[in-house]
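Down below is the structure, laid out as structure tokens.
Computed from a predicted structure; not experimentally measured.
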Amino acid sequence: MDPREGLRLVLPDRAVDRDSTRHRRSRGALRGGRRTAAERPHQPTGAQRRDADLLRLARHDVAARGCPAHRYAGRCRADHRGADGVGVHRRPRDAHQSRSRRLMSAVRVRFCPSPTGNPHVGLVRTALFNWAFARHHGGAFVFRIEDTDAARDSEESYEQLLDSLRWLGLDWDEGPDIGGPFAPYRQSERREIYDDVVRRLLEAGEVYESFSSAEEIEARHRAAGRDPKLGYDNHDRELTRAQTDAFRTEGRLPVLRLRMPEDEWTWTDLVRGPVSFAAGTVPDFVVMRTNGEPLYPFVNPVDDALMGITHVLRGEDLLPSTPRQIALYAALRRIGIAAPTPSFGHLPMVRGDGNKKLSKRVPESSLSLYRERGFLPEGLLNYLALLGWAIADDRDVFSMAEMAAAFDIARVSSNPARFDLAKAAAINGSHIRLLLLEEFAARLTPYLQSAGLVSMPPTDAEAALVAGAAPLVAERVSVLSEAVDMMRFLFVAELVVDPAAAAKVLGPDAEPVLRAAVDALAALSTWDSAAIEGALKAALVDGLELKPRKAFAPVRVAVSGRTVSPPLYESMELLGRDRSMARLRAALSPPPV
RNA sequence: GGCCCCGUCGUCUAGCGGCCCAGGACGCCGCCCUCUCAAGGCGGUAGCGGGGGUUCGAAUCCCCUCGGGGCUACCA
């Protein structure tokens with residue numbers, strides 16, 4: 001077979017023409033059906049979230065409500081196909097189709113990180129979009145580990161990856177820990193498969209031995225007056241047996257390269273529409289190293305093919321490698337491996353502070369940082385979803401279940417997006433306020449524990465304090481670590497007063513204020529916020545004729561140690577009479593330094 | 001250098017030829033509420049990179065240009 005057969009390689013368009021899709025979509029936007037905050041429950045675990053998603057899909061009644069994904073009412077038919085080529089308006093009875101039909105039409109996407117270092121937020125965004133796509137279509141989300149680089153991969157990173165995804169609640173249907181029909185899901189355990197595929201490709205002439213070193217390639221370019229940085233020149237394609245033998249006797253070992261057809265490469269990208277690469281711009285690429293280890297551009301498509309992946313959603317940085325993947329799929333089919341080419345969708349880059357793509361190097365990209373700061377998984381995920389996707393033109397806080405129901409890959413923006421910590425925190429704050437108070441307390445407790453403020457498990461008294469403070473702090477923080485700082489004064493035996501706050505409001509002027517407060521509070525028969533408020537106002541505002549903000553500042557700092565605190569009266573009630581009085585008295589007579 | 005992708009408020013986005021002298025969100029500013037800080041409510045600030053076309057009409061379609069980014073490994 002002549003691998004250079006002159007066919008123009010055009011992917012079968014799974015994707016409906018993007019423009020026509022958009023056109024249809026533009027008619028009659030659905031305006032109703034928005035949910036209020038109270039209607040948006042949170043699913044604390046991945047499993048529960050998954051249930052909710054499935055439930056939602058089952059309830060997805062287009063005729064009655066319009067399609068939330070495409071936002072137009074009443075026009076959808078059951079056979080309507082989305083821009084990704086998959087029926088998105090599934091009716092409940094789809095679930096009762098025969099097993100084989102379901103398998104044939106099922107969406108299968110994958111998330112395939114390599115275990116090198118901390119997962120970063122760009123990676124999480126990719127995982128999220130794949131997850132949402134799978135859940136939206138009722139398909140499978142496959143988790144595969146691409147650990148073909150022994151020098152950089154680590155078991156620790158692998159564990160971190162699993163842990164991170166679990167924490168996020170992005171549940172997978174097949175993966176290294178739970179197995180699945182295409183196991184194993186770690187590429188380091190699939191070497192025999194790759195060896196076998198490579199052998200067959202070699203026998204078929206799809207792949208050939210190449211001995212050229214980088215220096216030799218460059219030298220040839222120079223000699224021919226070409227740009228030396230052009231890359232491999234396909235020089236070794238027609239090496240004779242005698243030539244390869246000669247190299248071997250010199251002790252040189254070959255890499256294996258795939259023969260690329262020299263055609264124009266075109267496909268309809270799920271997020272970008274038609275993309276094409278000019279003929280002759282993609283050289284034969286290395287499939288296997290001299291030491292016999294297969295490389296990413298090979299194992300990735302091979303596993304996608306073998307695992308029946310239907311849609312590849314990945315970062316834009318991988319866009320230039322798509323022609324090679326398409327070529328590999330074609331070669332695989334020629335040697336008899338069933339490998340329908342998947343649809344590709346290239347997600348925009350997530351940028352860091354500059355304009356550069358977010359690198360693993362910069363700490364702000366590390367997922368663990370956001371976890372430590374006290375981001376809620378649903379808050380972080382919600383923000384990340386906004387980097388390239390919008391659920392509606394007038395709303396940006398939503399649950400993952402809502403995202404799964406509404407997600408449409410064709411509506412993903414192709415612009416790169418900058419990660420904005422302030423907005424991420426703001427979105428997270430909205431999610432904190434959406435939590436039930438008990439849930440907020442439960443999520444907060446581990447942070448209080450690792451700050452050493454609450455024991456493990458919490459004592460009854462500590463639990464009561466957390467529960468009592470929850471409503472006070474939940475509405476004033478955007479991340480959980482802020483709540484820890486705000487609640488610290490409730491749990492410490494010895495209050496450390498912030499020096500700046502003390503300097504500001506605990507000067508000589510504060511003495512009469514504090515004294516009056518102590519006297520008034522000491523006379524109280526009941527210790528609750530209403531009584532405290534009454535006493536303080538009577539003594540300070542009415543008695544001393546102070547402006548409220550002047551009156552309460554010294555008391556606040558004396559009790560909480562900070563100028564910023566939860567509401568004063570409630571805080572004092574929670575702190576208790578004894579500790580509150582002790583702190584006021586301590587502020588009155590500061591210990592000599 | 002070559003190949004490819006992308007350009008709407010500071011940032012993320014809505015926009016798919018008339019609904020747009022461009023809507024939402026974060027940020028910022030102001031007001032209200034108020035014991036601080038928040039939250040919440042109300043109001044404001046700010047944008048179609050530039051130039052040519054096509055069209056009765058362009059943020060939207062085409063071309064050029066400028067700018068930004070990615071890839072260019074026997075990493076993934």
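- The phosphate of B:C74 (OP1 or OP2) has no side-chain N or O of A:R252 nearer than 4.0 angstrom.
- Among the heavy atoms of the strands, none lies under 4.0 Å from A:P228.
- Electrostatic pairing of A:R220 and A:E216 does not count as a salt bridge here, judged by no charged N lying under 4.0 Å from a carboxylate O.
- Within the nucleic acid shown, A:D227 comes within 4.0 Å of at least one base atom, counting heavy atoms only.
- Both A:R433 and A:E316 sit near RNA chain B, but only A:E316 has its closest nucleotide nearer the 5' end.
- The residue A:G388 sits close only to the backbone: its heavy atoms come under 4.0 Å of sugar-phosphate atoms, none of a base.
- Residue A:F419 is classed as having no contact, given no heavy-atom separation below 4.0 Å to the nucleic acid.
- Residue contacts for A:L568: at a heavy-atom cut-off of 4.0 Å it reaches a base atom on one of the strands shown.
- When the side-chain nitrogen and oxygen atoms of A:K357 are compared with OP1 and OP2 of B:C71, one or more of them lie within a distance under 4.0 Å.
- Proximity note for A:S565 (side chain, C-beta onward) versus B:G27, B:C74, B:U36: the nearest is B:U36.
- Residue-level contact check: A:E146 touches the backbone only, with heavy atoms under 4.0 Å from sugar-phosphate atoms and none from bases.
- In this structure, of B:G69, B:C74, B:A39, it is B:C74 that holds the atom nearest to the side chain of A:R257.
- Donor-acceptor pairing under 3.5 Å, judged by distance alone, is absent between the side chain of A:S414 and the base of B:C6.
- A:T322 and A:R314 are linked by a side-chain donor-acceptor pair at a separation below 3.5 angstrom, with hydrogens and angles left out of the test.
- Among the heavy atoms of the strands, none lies under 4.0 Å from A:T116.
- Checking B:G68, B:C75, B:A25 against the side-chain heavy atoms of A:D396 singles out B:A25 as nearest.
- Between the base of B:C5 and the side chain of A:R272 there is no donor-acceptor pair shorter than 3.5 Å.
- Pairing for B:C66 is with B:G7, a Watson-Crick or G-U wobble pair whose two hydrogen-bonding atom distances lie under 3.5 Å.
- Checked against a 6.0 Å centroid threshold, the rings of A:Y370 and A:Y383 do not count as neighbours.
- A donor-acceptor contact under 3.5 Å is not formed by the side chain of A:R418 with the base of B:C12.
- When the side-chain nitrogen and oxygen atoms of A:S114 are compared with OP1 and OP2 of B:C75, none of them lie within a distance under 4.0 Å.
- A:Q187 comes within contact range of no nucleotide atom at all, as no heavy-atom separation falls under 4.0 Å.
- Contact annotation for A:S276: backbone-only contact, meaning every heavy-atom pair under 4.0 Å involves sugar-phosphate atoms and none involves a base.
- Centroid-to-centroid, the aromatic rings of A:F407 and A:F129 come within less than 6.0 Å.
- For B:C71, the OP1/OP2 oxygens have no side-chain nitrogen or oxygen of A:R324 closer than 4.0 Å.
- Between the side chain of A:R549 and the base of B:C35, no donor-acceptor pair of N or O atoms lies under 3.5 Å.
- Checking the phosphate oxygens (OP1, OP2) of B:C35, a side-chain nitrogen or oxygen of A:K537 falls inside 4.0 Å.
- A:T281 comes within 4.0 angstrom of sugar-phosphate atoms only, judged by non-hydrogen atoms across all strands, and of no base.
- Across all strands shown, B:C61 forms a Watson-Crick or G-U wobble pair with B:G53, both key distances being under 3.5 Å.
- A:L318 comes within 4.0 angstrom of a nucleotide base, judged by non-hydrogen atoms across all strands.
- Here B:G70 is the nucleotide among B:C37, B:G70, B:C26 with the atom lying nearest to any side-chain atom of A:K356.
- A:A278 comes within 4.0 angstrom of the backbone, heavy atoms only, and of no base.
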Step by step, work out the salt bridge (Lys or Arg N to Asp or Glu O under 4.0 Å) result for A:D303 and A:R190. CA-CA 9 Å; A:D303 280 344; A:R190 298 172 64 82; 2.9 Å; yes

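- As judged by a 4.0 angstrom heavy-atom cut-off over every strand, A:A553 is placed among residues making no nucleic acid contact.
- If you take CG on A:L568 and CZ on A:R556, they are separated by 4.5 Å, rounding to the nearest 0.5 Å.
- Counting any heavy atom pair closer than 4.0 Å across all strands shown, A:Y296 reaches a base atom.
- With hydrogens and angles left out, the side-chain atoms of A:E156 and A:S154 include no donor and acceptor closer than 3.5 Å.
- Closest approach to the A:E475 side chain among B:U13, B:C35, B:A39 is made by B:A39 (side chain taken as heavy atoms from C-beta onward).
- Put simply, A:N415 has a side-chain N or O that comes within less than 4.0 Å of OP1 or OP2 on B:G7.
- Here B:C19 sits opposite no nucleotide as a Watson-Crick or G-U wobble pair (both hydrogen-bonding atom distances under 3.5 Å).
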